There are 2 protein chains.
Amino acid sequence: MSVVGNAANVINPYSHVPVYRQLADILRQQIQSGEFGHLDVLPSEKALVQTYGVGRDTVRSAIALLRDEGLVFTVPHRGTYIGPRPE
Amino acid sequence: MSVVGNAANVINPYSHVPVYRQLADILRQQIQSGEFGHLDVLPSEKALVQTYGVGRDTVRSAIALLRDEGLVFTVPHRGTYIGPRPE
DNA sequence: CTGTATTTGTTCGTATGTATT
DNA sequence: AAATACATACGAACAAATACA
């Protein structure tokens, strides 16, 4: 398959699906496909802003969604990690 | 004219011009007027925060602007120097 | 060699303002 | 009115490199 035109990893600002949900979908897919290892760090907010060309609010909304789903947990000033929050 | 009340060196938080751009304007003016010598060190981020009463983000954004303009270059853990980046 | 201080780098937390849908 | 989105702004915490006494 061609790499170009693969919409799976690309934000579509014209979609009816909010950008933050599209971003959450992309990250969720990457996490579940094992693209990141368990306890690996998710790219930082800044990195995601740059990679996907969206605002910080949007990145934070997407991460909050994944956090609510139990897919990641965030440690203040450290980063967001893959996996359920340890007890 | 009096030095006091010269708005050229003062941040106006109520301006439509973002604070980081105002700060960049002030520093750019000082650099171009020869207030600092070539290869002198710009005041540290901490010093600029204190001098102008702004946040560190703002200082870093202003410096990044000057860096993009080629007016200064930053050496990690050393400081930001006046002049184009040496090769 | 060993601390201590300084400085930039990086990260998330929070808030406000504005614009668009 | 409410949700979404982006830019700006300040804060806090810690890391890492450097310099120096």
Side-chain angles (χ1 to χ4, degrees), chain A residues 9-28 31 36-37 39-86, chain B residues 10-28 31 36 39-86:
Chain A
N9 297 353
V10 175
I11 301 290
N12 173 15
Y14 307 108
S15 167
H16 287 267
V17 181
V19 175
Y20 78 95
R21 286 186 186 276
Q22 293 183 55
L23 178 55
D25 290 343
I26 292 173
L27 295 175
R28 189 184 307 103
I31 291 169
F36 305 109
L39 289 190
D40 265 11
V41 192
L42 205 67
S44 73
E45 293 177 355
K46 184 183 178 188
L48 293 172
V49 164
Q50 292 170 338
T51 298
Y52 293 99
V54 297
R56 195 182 169 205
D57 268 11
T58 304
V59 167
R60 288 172 66 81
S61 296
I63 292 177
L65 216 53
L66 300 177
R67 197 161 39 227
D68 289 347
E69 295 170 7
L71 282 176
V72 302
F73 63 98
T74 299
V75 181
H77 311 126
R78 301 292 300 171
T80 295
Y81 297 83
I82 313 297
R85 183 177 297 275
Chain B
V10 175
I11 300 292
N12 174 14
Y14 306 108
S15 168
H16 287 269
V17 180
V19 176
Y20 79 94
R21 287 186 185 277
Q22 294 183 54
L23 178 55
D25 290 344
I26 292 173
L27 296 175
R28 189 185 306 104
I31 291 169
F36 305 110
L39 290 189
D40 265 12
V41 191
L42 205 68
S44 74
E45 294 177 356
K46 186 180 176 187
L48 292 172
V49 164
Q50 292 169 337
T51 299
Y52 293 98
V54 297
R56 195 179 167 208
D57 261 15
T58 305
V59 167
R60 288 174 65 80
S61 295
I63 292 178
L65 215 54
L66 301 178
R67 196 161 42 226
D68 289 347
E69 295 171 6
L71 283 177
V72 302
F73 63 97
T74 299
V75 180
H77 311 122
R78 297 284 300 163
T80 295
Y81 297 83
I82 314 297
R85 182 177 298 276

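As the structure is a computational prediction, the values presented were derived from the model and not from experiment. Reminder, nothing fancy here: chain letters follow the sequence lines and each chain counts from 1.
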**Q** Closest to the A/Glu45 side chain: C/dG13, D/dC10, D/dA5?
**A**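 Nearest nucleotide to the side chain: C/dG13.
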**Q** Please work out the stems of DNA chain D from pairs that are Watson-Crick or G-U wobble with both distances under 3.5 Å, keeping only runs of three or more consecutive pairs.
**A**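 Result, WC/G-U stems under 3.5 Å: C:2-21 with D:2-21.
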**Q** Please report the distance, rounded to the nearest Å, between CD1 in A/Ile63 and P in C/dC12.
**A**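 Nearest whole value for this atom pair: 6 Å.
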**Q** Looking only at heavy atoms, which two atoms of B/Arg67 and B/Thr74 are closest? And how far apart?
**A**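 That closest heavy-atom pairing would be NH1-OG1, 2.6 Å.
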**Q** Can you tell me the distance, in whole Å, between the CG atom of B/Leu42 and the P atom of C/dT6?
**A**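 About 18 Å, once rounded to whole Å.
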**Q** Would you mind reporting whether A/Tyr52 and A/Thr58 have side-chain heavy atoms less than 4.5 Å apart?
**A**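 No; the side chains remain at least 4.5 Å from each other.
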**Q** Measure from CZ on A/Phe73 to C1' on C/dT11 and round the result to the nearest Å.
**A**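 In whole Å, C/dT11 C1' lies 15 Å from A/Phe73 CZ.
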**Q** Is there a side-chain contact between A/Ser44 and the phosphate of C/dT11, meaning an N or O under 4.0 Å from OP1 or OP2?
**A**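 For A/Ser44, the contact criterion (side-chain N or O under 4.0 Å from OP1 or OP2 of C/dT11) is met.
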**Q** Could you go through nucleotides 17-21 of chain D and list every protein N or O atom that sits under 3.5 Å from one of its N or O atoms, giving the distance for each pair?
**A**
unit_1 : atom_1 : unit_2  : atom_2 : d
D/dA17 : O4'    : B/His77 : ND1    : 2.9
D/dT18 : O3'    : B/Arg78 : NH1    : 3.1
D/dA19 : OP1    : B/Arg78 : NH1    : 2.6
D/dA19 : O5'    : B/Arg78 : NH1    : 3.1

**Q** Please name the pair of heavy atoms, one in B/Gly79 and one in B/Val41, separated by the smallest distance, quoted to 0.1 Å.
**A**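 Closest approach of B/Gly79 to B/Val41: CA-CG1, 4.4 Å.
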**Q** Nearest whole Å is fine: how far is C/dT11 C1' from A/Leu48 CG?
**A**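 In whole Å, C/dT11 C1' and A/Leu48 CG are 12 Å from each other.
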**Q** Please state how far atom NZ in B/Lys46 lies from atom P in D/dA12, giving the value in whole angstrom units.
**A**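 Going from B/Lys46 (NZ) to D/dA12 (P), I get 14 Å.
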**Q** What I'd like to find out is whether the side chain of B/Ile11 reaches to under 4.5 Å of the side chain of B/Ile26, using heavy atoms alone.
**A**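 Heavy-atom side-chain distance check passes, below 4.5 Å.
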**Q** Under the ring pair (Phe, Tyr, Trp, His ring centres under 6.0 Å) test, which residues partner A/Tyr81, sequence neighbours left out?
**A**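 Scan of A/Tyr81 (ring pair (Phe, Tyr, Trp, His ring centres under 6.0 Å), adjacent residues dropped) gives A/Phe73.
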**Q** By nearest nucleotide on DNA chain D, pick out whichever of B/Gly53 and A/Gly53 is the more 5' one.
**A**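 Nearest-nucleotide comparison on DNA chain D picks A/Gly53.
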**Q** When you check the phosphate oxygens OP1 and OP2 of D/dA9, does a side-chain N or O of B/Ser61 lie under 4.0 Å from one of them?
**A**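 Checking D/dA9 against B/Ser61, no side-chain N or O comes under 4.0 Å of OP1 or OP2.
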**Q** Quick one, A/Val49 and A/Lys46 - any side-chain contact, counting heavy atoms below 4.5 Å?
**A**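 In short, these two side chains do not touch, never coming nearer than 4.5 Å.
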**Q** Could you state the atom-to-atom distance from CD of A/Gln50 to P of D/dC6 in whole Å?
**A**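 It is 14 Å, rounded to the nearest whole Å.
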**Q** Would you indicate which nucleotide in D/dC10, C/dT8, D/dC6 comes nearest to any side-chain atom of B/Thr58?
**A**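 Minimum distance to the B/Thr58 side chain belongs to D/dC10.
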**Q** Check the phosphate of D/dC10 against B/Arg56, side-chain N and O only, distance under 4.0 Å to OP1 or OP2. Yes or no?
**A**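 Answer is no, no contact under 4.0 Å.
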**Q** Out of curiosity, B/Leu48 CG to B/Arg56 CZ, how far, rounded to the nearest 0.5 Å?
**A**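 Rounded to the nearest 0.5 Å, the CG-CZ separation comes out at 11.5 Å.
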**Q** Checking B/Glu45 side chain against B/Val59 main chain: does a donor-acceptor pair fall under 3.5 Å?
**A**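 Checking the backbone N and O of B/Val59 against the side chain of B/Glu45, no donor-acceptor pair under 3.5 Å is found.
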**Q** Taking OP1 and OP2 of D/dT8, is either one under 4.0 Å from a side-chain nitrogen or oxygen of B/Tyr20?
**A**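 Looking at the OP1 and OP2 atoms of D/dT8, one of them is under 4.0 Å from a side-chain N or O of B/Tyr20.
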**Q** On DNA chain C, nearest-nucleotide positions of A/Gly79 versus B/His16: which is more 5'?
**A**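 The residue mapped nearer the 5' terminus is A/Gly79.
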**Q** Whole angstrom is fine here: how far is it from CG in A/Leu65 over to P in D/dA5?
**A**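 In whole Å, D/dA5 P lies 11 Å from A/Leu65 CG.
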**Q** Flag the pair A/Ile31 / A/Leu42 as yes when at least one side-chain heavy-atom distance between them is below 4.5 Å, and no otherwise.
**A**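 SC-SC contact between A/Ile31 and A/Leu42 confirmed.
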**Q** I need the A/Asn9 CG to A/Gln22 CD distance, nearest 0.5 Å.
**A**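 If we round to the nearest 0.5 Å, A/Asn9:CG and A/Gln22:CD are 12.0 Å apart.
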**Q** Between atom CG in A/Asp57 and atom P in C/dC12, what is the gap in whole Å?
**A**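 The answer, rounded to whole Å, is 14 Å.
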